[in-house]
2 protein chains.
Amino acid sequence: MPRVSCERGLRERKKAATRAALAAAASRLAIEHGADHVTVEAIAAEADVSPRTFHNYFSSREEAMVASVVDFGWNLTDRLQERPADEPIWDALRDVIVGSVDASPQARERIAAQFEMFAGNPAVLASQLAALDGMRIRFASVVAARTGTDAGYDMYPHLVASAAANALKTAYDLWATRRDVGLIDLVDQAFAMIRAGLPEPGRSEPCS
Amino acid sequence: MPRVSCERGLRERKKAATRAALAAAASRLAIEHGADHVTVEAIAAEADVSPRTFHNYFSSREEAMVASVVDFGWNLTDRLQERPADEPIWDALRDVIVGSVDASPQARERIAAQFEMFAGNPAVLASQLAALDGMRIRFASVVAARTGTDAGYDMYPHLVASAAANALKTAYDLWATRRDVGLIDLVDQAFAMIRAGLPEPGRSEPCS
DNA sequence: CTCGTTTCTTGCAGCACGTGCATACATTCG
DNA sequence: CGAATGTATGCACGTGCTGCAAGAAACGAG
């Protein structure tokens, strides 16, 4: 729930710090030793709290390990909502995602290690997908509001939000494994392909 | 020789039957009582096996509850691979999905109840997403093979597979909640929108 | 500063989950 | 039939997650 660290008081700052410490500890230990070999006890010890306190912040080991993904999703949603309402939706989506990119070598290494860790444990992978799906749902609400569609009745906002989320995930996945491409270029290309309707390459166009 | 041709032996038939019984029991109990209130012990009892045997077939409660989704994904992948190689990829995807549809009222009730059950438990929802993601990955391999792209280097097959999987999921989600639309129509519309590049409705075209 | 209120941390108890292992049982095949 | 292989079950063990109650820390008013 705590999305902003508005410094409303010592209490909230400490809570945010504890949550961040637990998430960082979970991620770090899972990357180092593999998600399977990390216990709640170890995560709690790393963050200097009791195992019981861990469960006051996260309802499962997996949730802590993907907390950065959840936060990333909330961050993107917030930025999307701040966009001017008359901007074309695809421009808003693309710019928000491109604007959130950290394409530094350190980020690439961190993300690659994180994705590898996710892939090593089915439950963690599922939690990552759930985190992205949460973002997708909020994206769909924003898209619906901006395009005059209804998320409860129209497929359009869901298809757009899914496409954007998948462009993001696909670009990151490929960028983390390939050594010869830029993340921003991949995001741009993914959005361009989606907006072109994903035509089959090397097949004659159906217009003639 | 056995009378039934495709069954390789009593042993394999029994295994398949046990697995199916466990999956059905898990799904039924979870729909009836809520995923949270169903224990492995109850599922095993419903399928007339020991709790220990349950874990010989499924590694978690959630896995059993979404087994039908996993099987559905494998089924679709198989049918996609059987398609003629020269067929346009979007036609193949659309026809395979449309061909798998059971739009009967009973199916709608069953799927609606199932989705509601999924949504009631974060871990089960994550497992559903993981099941769909498994299908998506296999779709991407097939798409890559058919379009001359490389799933390890090109975004195209991943974007196409994601788009198809999301069209499927979006159509089912909406069909399960709305009472006034046909599932096949929704699938058709979703594919049409994606192939058109998901243009923003009610906005003047950017062609001038 | 003091005191009462609110909120967080911690330990404890308890049940359920998931796995390795050994044993008994079923089937397949020579 | 008899050996080899694969399956079901019980047992034990470590771990995960939650409710509860007591203690500690932060807050707000006087």
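Below, read A as the first sequence line, B as the second, and so on, with proteins coming before strands; counting in each chain starts at 1.
- Among residues at least two apart or in separate chains, salt bridge (charged side-chain N to carboxylate O under 4.0 Å, His left out) pairs with a member in residues 155-174 of chain B are B/Lys169-B/Asp173.
- Contacts between residues 30-38 of chain B and DNA chain C, defined by a heavy-atom separation below 4.0 Å, involve B/Val38, listed by number.
- Between the CZ atom of A/Arg61 and the P atom of D/dG14 there is a distance of 17 Å, rounded to whole Å.
- Under the side chain to side chain contact (heavy atoms under 4.5 Å, CB included) criterion, B/Val181 pairs with B/Arg178, B/Leu186, not counting sequence neighbours.
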Protein heavy-atom contacts under 4.0 Å, written 5' to 3' over nucleotides 19-30 of chain D as B (base), S (sugar-phosphate only) or - (none), form the string BB----BBS---
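- Applying the side-chain hydrogen bond (donor to acceptor under 3.5 Å, both in side chains) test to residues at least two apart or on different chains, the pairs with a partner in residues 116-132 of chain A are A/Asp36-A/Asn121.
- Residue-level contact check: A/Tyr57 touches the backbone only, with heavy atoms under 4.0 Å from sugar-phosphate atoms and none from bases.
- The phosphate of D/dT9 (OP1 or OP2) has a side-chain N or O of B/Ser50 nearer than 4.0 angstrom.
- Rounding to whole angstrom units, CD of residue A/Glu41 and C1' of D/dG14 are separated by 11 Å.
- Taking atom CE of A/Met65 as the reference point, atom C1' of D/dG16 lies 12 Å away to the nearest angstrom.
- Ring pair B/Phe115/B/Tyr172 is tilted by interplanar angle, where 30° to 60° counts as tilted.
- Scored by the side chain to side chain contact (heavy atoms under 4.5 Å, CB included) test, B/Pro105 finds no partners at all (sequence neighbours excluded).
- By the side chain to side chain contact (heavy atoms under 4.5 Å, CB included) test, B/Ser50 is found to be paired with B/Arg52, B/Thr53, residues two or more places apart in sequence or in another chain being considered.
- Listed by chain and residue number, A/Ala144, A/Thr147, A/Asp154, A/Tyr156, A/Pro157, B/Pro201 satisfy the side chain to side chain contact (heavy atoms under 4.5 Å, CB included) test with A/Thr149 (two or more places apart in sequence, or in another chain).
- Sorted by first then second residue, the salt bridge (charged side-chain N to carboxylate O under 4.0 Å, His left out) pairs that include residues 135-152 of chain A, not counting sequence neighbours, are A/Asp133-A/Arg136.
- Residues satisfying the side-chain hydrogen bond (donor to acceptor under 3.5 Å, both in side chains) test with A/Arg61, not counting sequence neighbours, are none.
- For D/dT15, neither phosphate oxygen OP1 nor OP2 lies less than 4.0 angstrom from any side-chain nitrogen or oxygen of A/Thr39.
- With axes fitted over five pairs at each extremity, the angle between the ends of the helix from C/dC1-D/dG30 to C/dG30-D/dC1 is 30° (10° resolution).
- Listed by residue number, B/Val49 are the residues of residues 42-49 of chain B with a heavy-atom contact under 4.0 Å to DNA chain D.
- Here D/dA8 presents its C1' atom at 12 Å from NZ of B/Lys15, a figure rounded to the nearest Å.
- By the 4.0 Å N-to-carboxylate-O rule, A/Asp95 lies close enough to A/Arg83 to be salt-bridged with it.
- A straight line from NE2 of B/His55 to C1' of D/dC13 spans 15 Å, rounded to a whole angstrom.
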